[in-house]
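Note sheet for the following structure.
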Amino acid sequence: MVTSYQQQRQRKKRLTLIFGLLFAVVVVGGALSQVLGAPPGYASKPPVGQFAPINWQAMMLGQWAYGKKPVVPAAVQTLNGQMVTARGYLLPLHSPGVASQFFIAPKPRGCYFCSPPAASEVVQVNIAGGKQLPPTMWMVNVYGKLRVATGAPSDQVLYVIDDATLLVKHI
């Protein structure tokens with residue numbers, strides 16, 4: 001029969017092991033990010049200037065169907081035309097591989113083509129100067145100018161960050 005004292009010791013051992021593993025992941029991940037650096041073409045530091053952070057929860061309240069006037073939350077509409085930063089994971093826009101345009105989403109996704117996100121769950125990223133970058137599995141910070149759809153026939157997506165600079169965040 002296991003006593004309360006033995007249960008506490010076992011629980012303490014498990015917690016120590018879990019925290020030890022988490023600490024190792026953080027330390028190894030930090031060291032790995034120093035060794036890896038940024039993938040080719042990605043920025044190694046944020047651009048100079050003031051960038052308003054995008055609030056993903058507010059953005060996800062937006063609604064839009066092609067050919068209709070979009071519903072954009074006021075908190076997002078005030079950022080239209082402003083310099084912003086978004087943190088998330090890259091998704092292919094047209095096809096996988098090196099590209100000058102991506103989507104960014106707040107969470108990593110499985111097969112984007114099999115289970116596409118809603119229009120308000122992604123932001124199209126147009127890299128500054130049409131520069132082509134390889135995709136990365138790492139989290140990225142995107143810096144650029146936000147453009148919100150108006151419902152014009154030329155609108156293809158609800159949210160766009162133009163002239164974007166991408167910075168990889170390993171941890």
Side-chain angles (χ1 to χ4, degrees), residues 21-66 70-73 75-77 79-80 82-149 155-171:
L21 289 172
L22 288 173
F23 179 75
V25 166
V26 169
V27 169
V28 170
L32 186 60
S33 70
Q34 294 299 318
V35 171
L36 291 176
Y42 285 79
S44 58
K45 59 184 178 180
V48 176
Q50 297 291 324
F51 296 87
I54 283 181
N55 179 327
W56 282 107
Q57 274 67 35
M59 293 185 77
M60 287 183 201
L61 296 175
Q63 298 176 4
W64 183 57
Y66 186 73
V71 175
V72 179
V76 178
Q77 190 63 48
L79 295 174
N80 190 29
Q82 303 297 312
M83 300 303 284
V84 298
T85 182
R87 186 173 190 179
Y89 296 89
L90 295 181
L91 303 171
L93 180 60
H94 301 293
S95 61
V98 175
S100 62
Q101 295 179 315
F102 292 95
F103 280 129
I104 185 172
K107 298 176 184 171
R109 297 186 67 90
C111 177
Y112 167 78
F113 297 104
C114 299
S115 176
S120 62
E121 295 177 337
V122 293
V123 176
Q124 180 178 323
V125 174
N126 297 326
I127 300 171
K131 183 178 188 178
Q132 298 223 351
L133 296 176
T136 179
M137 66 177 189
W138 298 100
M139 181 175 274
V140 296
N141 283 354
V142 175
Y143 301 87
K145 189 175 187 177
L146 181 66
R147 182 168 36 101
V148 176
D155 288 338
Q156 298 294 312
V157 294
L158 184 55
Y159 307 120
V160 179
I161 296 178
D162 288 317
D163 298 320
T165 298
L166 280 62
L167 172 69
V168 171
K169 299 300 289 182
H170 292 293
I171 296 292

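Side chains included, hydrogens not; waters and symmetry mates left out as well; all remaining heavy atoms used.
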Please report the shortest heavy-atom distance between [X] and [Y], naming the atom on each side.
X    : Y    : value
P40  : P134 : O-CD, 3.7 Å
G130 : S100 : O-CB, 3.3 Å
P135 : V98  : CD-N, 3.9 Å
V125 : A164 : CG1-CB, 3.5 Å
L146 : N80  : O-OD1, 3.6 Å
A149 : V72  : O-CG2, 4.4 Å

Gap between atom [atom2] of [Y] and atom [atom1] of [X] - 0.5 Å precision:
X    : Y    : atom1 : atom2 : value
Y143 : R87  : OH    : CZ    : 8.5 Å
R147 : L158 : CZ    : CG    : 11.5 Å
L93  : I104 : CG    : CD1   : 13.0 Å
I127 : L133 : CD1   : CG    : 4.0 Å
Q101 : Q124 : CD    : CD    : 5.0 Å
F102 : L91  : CZ    : CG    : 10.0 Å

Pair I54-Y159, side chain to side chain contact (heavy atoms under 4.5 Å, CB included): steps then yes or no: CA-CA 11 Å; I54 283 181; Y159 307 120; over 6 Å; no
Are [X] and [Y] side-chain neighbours, meaning at least one heavy-atom pair lies under 4.5 Å?
X    : Y    : result
N126 : V160 : yes
L166 : L90  : yes
P106 : M60  : yes

Under 3.5 Å: donor-acceptor pair, side chain of K131, backbone of G41: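 Side chain of K131 to backbone of G41: a pair is present.
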